[in-house]
Amino acid sequence: MDIDIIKESIPAIAQALPVTLALVSISLFFGFFLAVIVALGRLSQHSLLNKPAYLFVYIFRSTPLLIQMFLIYYGSGQFRDELDAVGLWYFFKEPWFCAILSLTLNTGAYTSEIIRGGILSVSVGLLEAGKACGMNALQLFKRITFPLAMRQALPGYGNEVILMVKSTSLASTITIMDMTGVYKEIASEYFSPFEPIIIAGSFYLLLNYIITILIGKAEKKYALVTR
Amino acid sequence: MKKTLASAAIAATILLSNTVFAGDVVRIATEGAYPPWNALNSAGQLEGFEIDLYKDLCERAKLECSMEQTAWDGIIPSLQAGKFDVIMAGMSITDKRKKKITFSRSYASSPAVFVVNKDSELASFIVAADKISLAELDAGEKTALDATLAALKGKNIGVQKGTIHLNFLKEYLKDDATIRTYATQEQLDLDLQSGRVDVAFAAMSYWHPLFQKEEGEDFMAIGPGFSEGPFGEGVGLGLRKDDQVLADKFSVAINAAIEDGTVSKIATKWFGFDASTK
Amino acid sequence: MDLTILSWGANGWGDEFFYGTLMTISVAICSFGFGIVLAVGATTMKLSSYKSLQALANGYTTIVRGIPELLVIYLVFYGGNTLLMSVAKGVFNYSDYIELPVFLMGVVCIGLSSGAYSTEVIRGAVLAVPTGTIEAAKAVGMNTATRFRRILFPQVVRYALPGLGNVWQLTLKETSLISVIGLAEIVRIAQIGAGSEKQPFTFFLTGLILFLILASLSDKGYLSIEKWANRGVRSS
């Protein structure tokens with residue numbers, strides 16, 4: 001163990017923590033909206049809606065995030081002129097855009113299944129009661145289906161958030177200097193993989209620990225409502 | 001007491017077994033994936049500048065040598081562990097590496113150059129100097145350096161991770177340009193091709209052969225070639241710290257080979273330019 | 001898109017992709033198997049009454065599930081040899097050079113992660129076995145080995161199957177990460193091809209489709225295994 005490398009690793013990796021946090025939070029934010037839309041699409045009776053939604057979920061859940069990311073990042077380079085013509089190259093040129101896009105699509109697919117499970121768990125009786133009170137479809141969704149589905153989905157969603165924290169490390173393969181990117185740089189600069197991994201690993205563990213606690217608190221809070 | 005003696009004896013043999021003695025075969029390791037320094041040809045045999053050079057150096061130093069191939073990642077730990085005795089794999093002599101291993105004097109150095117797409121606006125960039133030694137700049141070199149740095153302002157520059165080229169960019173362009181780092185050179189080439197990076201930075205010895213091939217025909221070098229300063233003292237042989245005697249032997253041989261022009265002859269054969277260090 | 005570059009033979013990448021797919025499957029199978037072995041050990045430790053064994057197994061699953069797989073891969077790849085040699089030196093006094101093949105390193109990394117997820121599945125399955133069935137087996141005089149073979153094991157397999165199916169899909173996808181250390185599986189082949197043919201989209205799309213095919217084949221295989229495991233169980 002080389003104390004000097006540890007000393008240098010701490011501030012370097014800490015500086016990359018906001019990068020990891022930004023990747024996680026931005027993709028989770030957009031991914032959640034995508035997931036709600038996809039889940040509703042899958043539950044729809046129209047095959048024009050549920051077929052594409054199913055296909056989207058199947059593709060993104062059964063292939064590795066790494067290859068999705070490479071396809072979006074390096075793959076878009078093959079269509080540079082075409083993308084340029086419609087003004088999209090401006091976005092695809094940026095590694096940040098490609099990383100957020102692939103993480104969002106990925107978490108959107110996984111989260112939609114969690115939300116779908118939550119929606120399916122809402123008992124028919126509650127919906128009938130809502131209808132009897134004169135609620136319209138939108139009110140039923142807003143006041144009954146959505147809140148109950150969310151409560152049911154919370155533990156699963158907590159796992160998804162932790163998986164997302166881990167997934168963001170792949171952004172380092174498309175030139176983004178997140179905590180894993182900085183780890184790799186320090187490790188290859190000093191030919192010492194051990195010291196910096198203690199620091200990077202601790203940061204990730206701490207982050208996931210905090211998330212676990214927050215999700216646990218949220219579960220407790222919403223569980224009380226039913227009593 | 002007996003036990004401590006025994007373990008001391010074992011410790012001593014372990015220490016000794018890692019040192020090279022006169023009469024032993026000196027095992028040299030190379031990467032075999034860094035043309036034209038060292039590479040595998042289609043017949044699966046090692047060839048390149050360093051393969052020609054090691055034979056000459058060993059003959060001069062009256063050493064019996066063998067050469068084997070090993071992965072670049074972990075090449076230093078493998079040397080320390082005694083898998084082989086010498087690294088000869090286009091390894092630049094840097095202060096950080098010196099903390100772990102010892103080096104012979106340098107036998108060659110490849111200037112670092114910036115490369116762009118031929119349709120880039122930077123393609124017409126020209127400076128007066130074609131070589132800049134960063135250790136001691138004369139007036140002309142200073143002007144050329146400033147002009148190059150000014151031209152690169154605000155650009156996206158791609159470079160491979162863990163290289164001396166990245167060190168240079170950090171030192172000279174950290175605040176003025178966006179630096180993107182890549183795990184492999186092939187990924188960097190893809191992004192240079194698509195225009196995601198405006199400029200790529202690497203050793204001339206890498207670019208020169210690439211320009212002759214189809215993959216590199218759209219690329220061109222701009223500005224001067226950089227050496228010394230953050231690029232260190234050039235490329236040398238890497239040895240374990242307790243093999244200083246052997247390192248010195250090689251240094252003497254390299255001196256002689258540079259003086260009589262052998263290194264420059266082999267370098268011109270493989271690189272197309274004289275990469276020997278004076 | 002020029003698809004002739006995906007043909008078989010010296011000018012095409014079809015054969016490279018084929019061998020890459022075989023490599024992906026081999027790494028996945030070995031890692032999954034190694035993971036199951038780890039999981040059985042970790043489950044036994046978690047369910048044992050020794051606090052220290054429980055802590056060790058909990059530490060393993062918490063750490064592996066809490067830090068990115070990519071970090072674990074970099075650690076094993078760059079540090080595995082050094083670590084192995086210092087252990088060999090310290091424990092067996094063996095000081096020659098040892099090198100782990102890249103394949104083995106890959107299997108160790110992916111297996112470690114796969115094992116952590118399998119542990120949770122198997123532990124859950126063991127706890128799901130109704131204690132009544134064990135008590136009944138004791139009552140009819142079965143010894144521990146017979147009880148395990150006839151009562152515990154078949155039930156655990158049935159309860160664990162859906163979860164293990166998920167772990168298998170996860171493991172299959174995680175093999176892609178091994179490409180960063182240069183093992184010639186699907187993603188690595190796609191990378192090499194993309195670089196030398198300058199057609200990244202074509203090559204990465206091909207890789208993606210190969211993974212889709214593997215996933216749907218796995219789904220089919222899983223269904224028949226589940227059918228087999230649930231034979232003799234009354235369906236409602």
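By convention in this document, chain letters (A, B, ...) are assigned in the order of the sequence lines, proteins followed by strands, and residues within each chain are numbered from 1.
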Engineer: So which of C/Val187, C/Leu75, C/Ile209 has the largest heavy-atom pair count under 4.5 angstrom toward chain A?
Structural biologist: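 Most heavy-atom pairs under 4.5 Å with chain A: C/Leu75.
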Engineer: Quick check on the structure: residues of residues 65-74 of chain C within a heavy-atom distance below 4.5 Å of chain A, by number.
Structural biologist: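 When heavy atoms of chain A are the reference, residues 65-74 of chain C contributes C/Arg65, C/Gly66, C/Ile67, C/Pro68, C/Glu69, C/Leu70, C/Leu71, C/Tyr74 within the under-4.5 Å range.
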Engineer: Can you name the salt bridge (Lys or Arg N to Asp or Glu O under 4.0 Å) partners of C/Lys46, sequence neighbours left out?
Structural biologist: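 Salt bridge (Lys or Arg N to Asp or Glu O under 4.0 Å) check on C/Lys46 returns C/Glu120.
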Engineer: Which answer fits A/Leu163, side chain, backbone, both or neither, if we ask what part of it has an atom under 4.5 Å from a heavy atom of chain C?
Structural biologist: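 Only the side chain of A/Leu163 comes within 4.5 Å of chain C.
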Engineer: With a 4.5 angstrom heavy-atom cut-off, which part of C/Gln191 approaches chain A: side chain, backbone, both or neither?
Structural biologist: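 The answer is the side chain of C/Gln191.
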Engineer: Answer with side chain, backbone, both or neither: which region of C/Leu170 has an atom nearer than 4.5 Å to a non-hydrogen atom of chain A?
Structural biologist: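 Neither part.
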Engineer: Report which part of A/Ile162 has an atom under 4.5 Å of a heavy atom belonging to chain C: side chain, backbone, both, or neither.
Structural biologist: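 Answer is side chain: those atoms of A/Ile162 sit under 4.5 Å from chain C.
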Engineer: I'd like to know whether C/Leu208 forms a side chain to side chain contact (heavy atoms under 4.5 Å, CB included) with A/Ile59, so could you lay out the CA-CA distance, the side-chain angles of the two residues, the decisive distance to 0.1 Å, and finally the verdict.
Structural biologist: CA-CA 9 Å; C/Leu208 189 100; A/Ile59 291 175; 4.3 Å; yes
Engineer: Under a 4.5 Å heavy-atom cut-off, does chain A meet the side chain of C/Val76, its backbone, both or neither?
Structural biologist: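 Neither part, no heavy atoms under 4.5 Å.
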Engineer: If you count heavy-atom pairs under 4.5 Å with chain C, which of A/Tyr74, A/Tyr58, A/Phe70 comes out on top?
Structural biologist: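 Going by pairs under 4.5 Å, I would pick A/Phe70.
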Engineer: Carefully, step by step, assess A/Ile72 and C/Phe204 under the rule side chain to side chain contact (heavy atoms under 4.5 Å, CB included).
Structural biologist: CA-CA 9 Å; A/Ile72 289 172; C/Phe204 288 122; over 6 Å; no
Engineer: Checking C/Ser179 against chain A: side chain, backbone, both or neither under 4.5 Å from a heavy atom?
Structural biologist: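 Just the side chain, heavy atoms under 4.5 Å.
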Engineer: Is it the side chain or the backbone of A/Thr212 that comes within 4.5 Å of chain C heavy atoms, both, or neither?
Structural biologist: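 Contact with chain C: none, neither part.
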Engineer: Can you name the closest pair of heavy atoms from C/Lys173 and A/Pro64 and give their distance?
Structural biologist: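 That would be O-CB, 3.5 Å.
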